[in-house]
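Written below as structure tokens is the structure these notes are about.
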Amino acid sequence: MKQIAFFYTHVKPVKRFLLILFIITGCAASPSQKSKIIQDPHETHVAIFSPDTISELIQQKIMRISEKKRFAHRSEFNLGISAMPSFYLQRKFSPAWMGENGGVLLADDLLEEIKDCKKHALTPEYYHIKAIETLLNTVRDPHHIPSLMYQDIAADLDILLTNTFLLFSSHLLFGLVDPETVHIKGESFDADIDLAGVLNNALKDHTIRKTLQNLSPHHQEYLNLQSALKTYRELAEKNESPRIPVGETLRYGVSHERVRRLRNRLIFLGDLKATKIKNPNYFDADLEKAVKRFQFRHGLTMDGLAGHQTVAALNIPVRKKLRQIELNIERWRWLPRDLGTKYILVNIANFKLSVVERSRPIMEMRVVAGKRYRKTPVFSGNMQFLVINPFWNIPTKLAVRDLAPRVCLDPSYLTAKNIKVYKNWRNDSPEIDPALISWCTLTRKSYFPYKLQQTSGPHNLLGKIKFIFPNKYAVYLHDTPDKSLFDKTLRDFSSGCIRVEKPDLLAQFLLKSDPHWTEEAFLDLLKSSARKVISLNEHVPVHLVYITAWVDNNGGVHFIKDVYRQDRRLANALKKRPYQLCKLIIDDGTYFSDDLLVF
């Protein structure tokens with residue numbers, strides 16, 4: 001579904017008595033705004049439930065919604081009110097949730113799923129649950145006289161249930177937040193799904209719950225995070241163990257009161273089993289193993305020493321880790337539901353590339369990703385080409401910002417790095433003398449039509465292999481002649497592209513379905529200096545993600561440093577509650593929120 005938005009309504013809370021007042025008085029409005037069929041609900045009563053009356057009321061309310069242009073702009077990648085006019089138009093405005101006898105069908109199924117939405121790190125209050133329950137109780141009251149006020153409330157309930165389903169389903173499908181609003185560069189998958197049609201089918205087949213359950217991600221990583229969410233919620237309800245005081249590094253063989261605190265903290269977090277020991281202040285071998293286990297789960301050097309970094313990580317409150325799990329559940333909703341039978345997954349935050357086939361990782365390697373000020377973007381693509389012995393066309397921005405100052409200081413720099421300068425970016429552009437360019441006067445705003453190209457060879461920054469999955473960011477995977485950076489814990493050194501640790505193995509994986517490229521033929525080509533572009537006969541999906549919490553195959557929950565500081569940005573975005581119209585249209589133009597049971 002392409003860029004469908006819902007309307008954010010931020011209003012002041014309305015006092016609780018307005019709810020009672022509304023139920024008593026109904027939706028009174030000025031006569032000029034009413035059609036002939038609508039009369040004062042205090043004076044008019046209908047003998048029986050009237051679907052036609054509710055249908056006409058729904059039409060009037062939806063038409064007024066359609067006139068409100070404000071909700072049609074794109075603020076978040078979610079769907080709510082904007083799909084309702086087409087939904088009800090398809091139904092000729094007939095009630096969607098009510099049977100001919102006035103029974104509110106399937107509303108309870110929707111409410112059950114809403115109440116269970118916490119397992120998706122969502123909040124039931126986002127979906128008007130209190131307002132729906134209040135309206136349902138009113139409509140289902142056996143002592144209620146079927147008046148026009150009753151019909152009006154029934155129409156509001158029908159519209160509210162529809163809005164709730166569309167909003168909740170879009171959150172399950174796309175997430176609450178558009179990644180483009182929290183990442184400088186990033187995008188979510190673009191599913192062409194008609195949620196209005198999905199709702200119609202679910203109502204027709206009586207499959208509201210099953211339909212909603214099928215919309216959420218079913219990736220094993222998502223399911224594992226849901227289990228971790230449950231575990232850490234239970235942990236957060238317990239009395240958290242005391243913080244470990246700052247002090248000297250604790251290591252095997254040391255006896256100290258702080259060791260007892262360390263031991264208790266590791267037991268609380270599940271990295272150490274609680275057993276009876278003679279001296280809990282002594283740093284024994286089991287405690288050292290537990291420290292290493294904790295360090296492994298937190299992306300720290302596994303030296304078994306409880307130093308400054310390890311103690312700081314141990315002292316992070318459980319509720320903060322719980323929030324980190326919730327943030328990453330949201331991120332998994334941004335990914336395509338079908339990642340592919342085989343695919344490449346690059347976790348930028350963890351600097352790790354995984355090759356997955358039939359849901360099992362078959363290859364892993366370290367990567368170098370973009371610097372904090374040149375972040376690697378989040379998106380999905382398809383691997384289509386390999387370039388053996390590539391040259392490097394240096395992006396204009398890098399040429400002006402990074403290379404120009406170096407050439408200014410050292411005019412021989414380009415020659416030393418085997419970089420040629422061409423008049424422009426055309427394929428037939430002639431090579432020119434670098435001395436013709438005033439390198440020392442260039443600024444970021446300077447006109448720079450020239451192309452700088454580093455020739456292929458052992459000096460080339462792209463190494464021997466370039467992996468191309470076409471995208472608007474001009475980001476690709478590539479080899480590198482500098483292998484030392486892979487030994488670093490934090491590997492944010494590139495200008496946005498991704499350097500891979502084992503390019504030859506990755507290339508052989510991508511070529512294994514092509515009979516022309518046996519391992520021997522590929523290695524012979526790699527040894528040569530010939531430049532060759534290889535088109536892959538099987539396009540393999542590539543997913544660049546930014547995940548700071550995940551669960552490994554052994555059930556260990558991992559938390560790593562938020563190197564791009566995206567967790568805070570996402571958390572702030574998620575704090576902005578999606579206020580929706582609970583009483584969707586009031587004749588005097590007043591909108592209500594459902595904070596205090598007001599609809």
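For reference, positions follow the sequence shown, starting with 1.
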Should the ring pair Y473 and F379 be called parallel, tilted or perpendicular, given that the plane angle runs from 0 to 90° and is split at 30 and 60?
tilted

For L223 and H218 the tightest heavy-atom approach is CD1-O, 4.0 Å

H128 and N163: side-chain donor and acceptor closer than 3.5 Å? yes

Does the side chain of R569 reach to within under 4.5 Å of the side chain of N572, using non-hydrogen atoms? no

- Query: D562 and T548: side chain to side chain donor-acceptor pair (under 3.5 Å), yes or no, with the steps?
  - Reply: CA-CA 6 Å; D562 178 20; T548 60; 5.9 Å; no

CG of L327 to CG of L570, rounded to nearest 0.5 Å, is 5.0 Å

Review point. Just by modelled atom types, is the P179 backbone N or O under 3.5 Å from a matching donor or acceptor in the R331 side chain?
Key: no

Looking at Y126 and F168, would you say the former's side chain and the latter's main chain have a donor-acceptor pair under 3.5 Å?
no

**OP:** For residues E221 and W550, determine if any side-chain heavy atom of one lies less than 4.5 Å from a side-chain heavy atom of the other.
**Re:** no

Those residues at least two apart in sequence (or on a different chain) that pass side chain to side chain contact (heavy atoms under 4.5 Å, CB included) with E357 are K342, I362, F509, K512

Of all heavy-atom pairs linking L269 and K321, the shortest is CD1-NZ, 4.3 Å

Donor-acceptor under 3.5 Å (S169 side chain, F165 main chain):
yes

Would you mind reporting whether V104 and R140 have side-chain heavy atoms less than 4.5 Å apart? yes

Using only atom types and a distance under 3.5 Å, with no angle test, would you say the side chain of S216 pairs donor to acceptor with the backbone of L172? no

> Relative to the ring of Y343, is the ring of H543 parallel (under 30°), tilted (30 to 60°) or perpendicular (over 60°)?
Replying inline: perpendicular

Side-chain donor-acceptor contacts of residues 111-123 below 3.5 Å, not counting sequence neighbours, with atom names and distances?
from: E113; atom 1: OE2; to: R209; atom 2: NE; distance (Å): 2.7
from: E113; atom 1: OE2; to: R209; atom 2: NH2; distance (Å): 3.0
from: E113; atom 1: OE2; to: Q213; atom 2: NE2; distance (Å): 3.0
from: D116; atom 1: OD2; to: K119; atom 2: NZ; distance (Å): 3.1
from: H120; atom 1: ND1; to: Y222; atom 2: OH; distance (Å): 2.8
from: H120; atom 1: ND1; to: Q226; atom 2: NE2; distance (Å): 3.3

Q) Does a salt bridge link R265 with E240, judged by any charged N lying under 4.0 Å from a carboxylate O? A) yes

d(D158 CG, I58 CD1) to nearest 0.5 Å is 4.0 Å

| message | With a 3.5 Å distance limit and no angle check, can you tell me whether H219 reaches the backbone of P336 through a side-chain donor-acceptor pair? | response | yes

Flag, side chain of N264 to backbone of S241, donor-acceptor distance under 3.5 Å: no

*Determine, for E326 against R323, whether the closest basic-nitrogen to carboxylate-oxygen distance falls under 4.0 angstrom.*
yes

What one should report as the nearest heavy-atom pair of L322 and A236 is CD2-CB, 4.3 Å

Quiz item: Does any non-hydrogen side-chain atom of P470 lie less than 4.5 Å from one of Q384?
Solution: yes

Okay, side chain of T231, backbone of S227: is any donor-acceptor separation there less than 3.5 Å?
yes

* Hey, is the main chain of A369 close enough, under 3.5 Å, to the side chain of D492 for a donor-acceptor pair? -> no

Smallest heavy-atom separation, I560 atom then Q324 atom, equals O-NE2, 3.5 Å

Report task. Flag yes if more than 12 heavy atoms outside N553 fall under 6.0 Å of its CG atom; otherwise flag no. Result -> no

Side-chain touch L574/V177, heavy atoms, less than 4.5 angstrom
yes

dist I208:CD1 -> L203:CG (nearest 0.5 Å) comes out at 4.5 Å

task: State, with a plain yes or no, whether a side-chain heavy atom of W97 is found less than 4.5 Å away from one of L157.
output: no

Problem - Donor-acceptor contact below 3.5 Å, side chain R293 vs main chain D271 - result: yes

Output for pair (W334 CH2, L173 CG), nearest 0.5 Å, gives 14.5 Å

Between E234 and K238 (salt bridge meaning N to carboxylate O under 4.0 Å), is one present in this structure? no

Looking only at heavy atoms, the pair that brings G496 and V475 closest together is O-CG1, 3.9 Å

_Min side-chain heavy-atom separation N224-D552 under 4.5 Å_ = no

Exercise. When the ring centroid of F294 is compared with that of F559, is the distance short of 6.0 Å?
Worked result: no

Handout entry: Pair H171 + Y127: ring centers closer than 6.0 Å
Key = yes

Look at the side chain of Y546 and the backbone N and O of Y564, then say whether any donor-acceptor pair between them is shorter than 3.5 Å. yes

N/O donor-acceptor pairs under 3.5 Å from side chains in residues 344-352, not counting sequence neighbours:
from: N347; atom 1: OD1; to: A349; atom 2: N; distance (Å): 3.2
from: N347; atom 1: OD1; to: I547; atom 2: N; distance (Å): 3.0
from: N347; atom 1: ND2; to: I547; atom 2: O; distance (Å): 3.0

Scanning both residues in full, the closest heavy-atom pair of I54 with P95 reads CG2-CG, 3.7 Å

